[in-house]
*Asks:* 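So that we are looking at the same thing, I have put the structure below in structure tokens.
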Amino acid sequence: NAASKQHAPPKQAGRSESAITDLLPAINDAKTGRELKAAYETAEAAAGDDSAAIARFVKAIEAKKAKALAASNAAQA
């Protein structure tokens with residue numbers, strides 16, 4: 001049936017919002033590069049193939065790095 005071939009396969013359910021937000025504090029609270037890497041690896045493993053969750057974790061890491069860079073620049077000024 002041509003019509004059925006045009007339908008996209010059902011999306012897999014992603015991680016729940018609460019599961020994602022439960023993993024974000026470890027990223028936000030990391031004080032060293034090692035802690036940040038470990039927090040991301042834990043979050044990434046928990047996310048599995050949920051690209052939306054992984055994108056949120058990457059965004060959190062980028063924000064954390066930007067904040068650390070800004071603090072470093074301010075300390076050197």
*Asks:* About how many Å separate CG of Asp22 and CD of Glu17, when rounded to the nearest 0.5 Å?
*Replies:*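 Spacing of CD (Glu17) from CG (Asp22) equals 10.0 Å.
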*Asks:* Looking at every non-hydrogen atom in both residues, tell me the closest pair between Ala43 and Phe57 and how far apart they are.
*Replies:*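 Shortest heavy-atom contact: O-CE1, 3.4 Å.
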*Asks:* Working to the nearest 0.5 Å, report the span between CD of Glu62 and CD1 of Ile27.
*Replies:*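 That separation rounds to 11.0 Å.
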*Asks:* List the atom of Ala53, the atom of Ala47, and the distance in Å for their closest heavy-atom pair.
*Replies:*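 Looking at all heavy atoms of both residues, the shortest contact is CB-CB, 4.0 Å.
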*Asks:* What is the minimum heavy-atom distance between Pro25 and Thr21, and which atoms define it?
*Replies:*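 Scanning both residues completely, I find the closest heavy atoms to be CD-O, 3.0 Å.
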*Asks:* For Ala38, is there any backbone N or O sitting under 3.5 Å from a side-chain donor or acceptor partner on Thr42?
*Replies:*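 Yes; at least one donor-acceptor contact below 3.5 Å.
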*Asks:* Distance check, rounded to the nearest 0.5 Å: Asp29 atom CG versus Glu35 atom CD?
*Replies:*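 Going from CG on Asp29 over to CD on Glu35, the span is 9.0 Å.
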*Asks:* Please assess Tyr40 against Ile54 for the test side chain to side chain contact (heavy atoms under 4.5 Å, CB included), listing each intermediate value before the final yes or no.
*Replies:* CA-CA 9 Å; Tyr40 177 74; Ile54 292 171; 3.7 Å; yes
*Asks:* Say you draw a straight line from CG of Leu24 to NZ of Lys59; how long is it, rounded to the nearest 0.5 Å?
*Replies:*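 Leu24 atom CG to Lys59 atom NZ measures 10.5 Å (nearest 0.5 Å).
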*Asks:* Would Glu44 and Val58 count as a side chain to side chain contact (heavy atoms under 4.5 Å, CB included) if you check the C-alpha gap in whole Å, the side-chain angles of each, and the deciding distance to 0.1 Å?
*Replies:* CA-CA 9 Å; Glu44 182 181 40; Val58 169; over 6 Å; no
*Asks:* Test your reading of the model: is there a side-chain donor-acceptor pair from Lys64 to the backbone of Leu36, 3.5 Å cut-off?
*Replies:*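 Not confirmed, Lys64 side chain does not pair with Leu36 backbone.
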